Amino acid sequence: MRFTPQGRPSFSFYRGVIYKASRCDGVIMKKYDIIVIGAGHAGIEAAYAGAKLGCSVLLLTLAVDSIGKLSCNPAIGGVSKGALVREVDALGGLIAKITDKAAIGYRVLNRSKGKAVWATRAQVDKFLYPQLAREYLEQSPGIDILQAKATEIIIEERKIKGIRSDLGKDFFSKCIIVAAGTFLKGKIHIGLNSFPGGRLSESSSDALFSSIKALGFRVKHFKTGTCARLRKETVDFSKMRQQFPEEAVMPFSFTNSRINSKKESCFITYTNKKTHRIIKKNLKFSPLCTGKIKSTGVRYCPSLEDKIIRFSDKDRHQIFLEPEGLSASEVYPNGISTSLPFDAQIDFIHSIEGLESAKVVRPGYGIEHGVIDARQLFATFESQKYPGLFFAGQVNGTTGYEEAAAQGLIAGINAALKVKKKKPFILKRNEACIGVLADDLVKKGTNEPYRMFTSRCEYKLSLRESNAALRLCGLGYSLGLISKEDYQKIEEKQKLIERVINKLKNKRGKGKNKQKNLFELLKEPEVSFLSLKKEVEETSLAVAMEVEITAKYEGFLRRENIWLKELKNLDRIKIPKVDYSQLPSLSKEVVEKLNKFKPVSLGQALRISGITPAAILAIYNCIKTKKS
């Protein structure tokens, strides 16, 4: 690879297409080990992992400048999603490293709950994030980046041959990873106007979708959407509640020791009765309400129209204004995703406190996009019918940057292992949230955009965000994706945790607590590690947190293991007549699906898409109570 004096890769131009000058004297190769279609969060991880494992990779993107683009809100992580980010990082992926460099503020969610379920969320600079993503890829030996559209997957006698492109040129490979995001036959809706597109003002990949369909894959469409972007200078933040970023937060990547010092606040405001009246008045122009959009949308991230219809008893809904970057002139009003006409969007935005004079820079819109039924894949995300053909990200029916990155990493690893004729890499449900995600998709499939939740994990206390590196770095190292130096850091951290725990167990408390050792004392709700650290040794925030969680959750983890043994016998546990609506711990989604499918056993119930292990536990406890 040739670099400029500034350290950046040099570029050449060939028929108007930008590419990295890395091989064959500046000519794009025709034969690769892996071709990755799409350079969103799934494509980035797939290409990076494949190249790091020694494969030649061609990364195709519709626009080089859109690599790693944050199509929706400028934030990474959150409840359960933060665990995915840390797991991808522990296996050698990029999303955590890019996030830490682009972050402009961190917060820890769930602080009112126990430390085991705390979740990190980072606001990121929307413009710096894709720039960093592109730099990582450009500086990775083995990756060629090409701006082109894949129009057809070439398969002969069920064997992968390569792809056909809109450049009038075919590219050949041993494996293909389709990571096309929302671009497969995407259709954008703004009011009753609709037009093809994978993102606003970006073309869709209709021919590629037709090619996938022609190969015999079961396909359908899901719906997602986004909100309008507002000009920052026209927003009156003085009328809103300011939410400051936090200081005592651990960075996402285990390779980083501290968070970015540059910070920006978020702000909170609300819709009101006037907003809702404007929305209701314009429902006749809504593609959702008129039936123009027929696809299933994201249950837990509904449009504002959805919320006002479904929660008609509520007078207001929260809007979370997120900065799009340190020098960005736009803000993202999270909570008002819409596909209403542009004029209606302006009207209801101006009815909101603090947004009375806000100028819209980009309209909100809904988008329908093609997906495949992921039950046609193995847990490696490889096609069961066509060896060497992989799918990752939103094309598998998921939603979210983090879910996409996790799938891209697994697909990239397994494509490289296939090229090298090695055994596939599969994470089990008890090893990682990524394992839960993969298992849910390929075994249950999904009838609506799939989002990761901790409630989907039977092992949620074991698969916490804070111990992701401790759980998975050994696997990342054995694959060759984690350096020896980084792996040794994790080994040292594990030894330090064990050493501190042993010291706590071998030291008695003082005064009325002298009958207990310090580890037993740490189990008490009112006792923190901070109050005991002078008795042992100075440790990092991460080590202190793990020691405290180990103590306080010892009993819970033991009970979790007992429950896990019961999971093996769920088909034997019959469900009597139960009024699911009377179980307060069950969500509306779960009640709705249980009433629809009427499972006769707990095992049958667990196999229903959207039914979580937490819901099964609630029904199990109900059955036990009835019997007693």
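Remember, predicted model here, so these are calculated numbers, not experimental data.
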Residues Val178, Ile372; criterion side-chain contact (heavy atoms from CB on, under 4.5 Å); working and verdict: CA-CA 11 Å; Val178 179; Ile372 70 160; over 6 Å; no
side-chain contact (heavy atoms from CB on, under 4.5 Å) evaluation trace for Phe453 with Val79: CA-CA 7 Å; Phe453 290 108; Val79 177; 5.9 Å; no
side-chain contact (heavy atoms from CB on, under 4.5 Å) evaluation trace for Ser609 with Tyr450: CA-CA 9 Å; Ser609 177; Tyr450 179 101; 5.9 Å; no
Pair Glu264-Asp125, side-chain contact (heavy atoms from CB on, under 4.5 Å): steps then yes or no: CA-CA 10 Å; Glu264 284 280 320; Asp125 190 311; over 6 Å; no
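No salt bridge links Asp439 with Lys428; every basic N to acidic carboxylate O contact stays at or beyond 4.0 Å. The pair Lys239-Glu353 fails the salt-bridge criterion, with no side-chain N (NZ, NE, NH1 or NH2) lying under 4.0 Å from an Asp/Glu carboxylate O. Salt bridge annotation for Glu589-Lys593: present, with a cationic side-chain nitrogen under 4.0 angstrom from a carboxylate oxygen. Electrostatic pairing of Asp373 and Lys220 does not count as a salt bridge here, judged by no charged N lying under 4.0 Å from a carboxylate O. In this structure, Arg107 pairs ionically with Glu246, as a charged nitrogen and a carboxylate oxygen lie closer than 4.0 Å. Ion pairing between Lys81 and Glu403 holds under the 4.0 Å rule for side-chain N and carboxylate O.
Sparse packing is recorded around CZ of Arg231, with 12 or fewer heavy atoms of other residues, nucleotides or ligands lying under 6.0 Å away. Crowding of Lys444 atom NZ: a count of heavy atoms from other residues, nucleotides or ligands under 6.0 Å exceeding 12. Other residues, nucleotides and ligands contribute only 12 or fewer heavy atoms inside 6.0 Å of the NZ atom of Lys359. Counting heavy atoms of neighbouring residues, nucleotides and ligands inside a 6.0 Å radius, atom NZ of Lys223 exceeds 12 of them.
When each of Lys126, Gln123, Lys232 is checked for a side-chain hydrogen bond (donor to acceptor under 3.5 Å, both in side chains) with Glu324, only Lys126 meets the rule. The side chain to side chain contact (heavy atoms under 4.5 Å, CB included) with Ser253 is formed by just one residue from the set Asp89, Leu94, Ile95; it is Asp89.
Separation of the His41 and Tyr129 ring centroids falls under the 6.0 Å cut-off.
Closest heavy-atom contact between Cys227 and Ile336: CB-O, 3.5 Å.
Between Ser204 and Asp206, the side chains place a donor N or O and an acceptor N or O closer than 3.5 Å (distance only, hydrogens not considered).
Without hydrogens or angle criteria, Glu322 side chain to Tyr332 main chain gives no donor-acceptor distance under 3.5 Å.
Sorted by first and then second residue, the salt bridge (Lys or Arg N to Asp or Glu O under 4.0 Å) pairs with a member in residues 302-321 form an empty list; sequence neighbours excluded.
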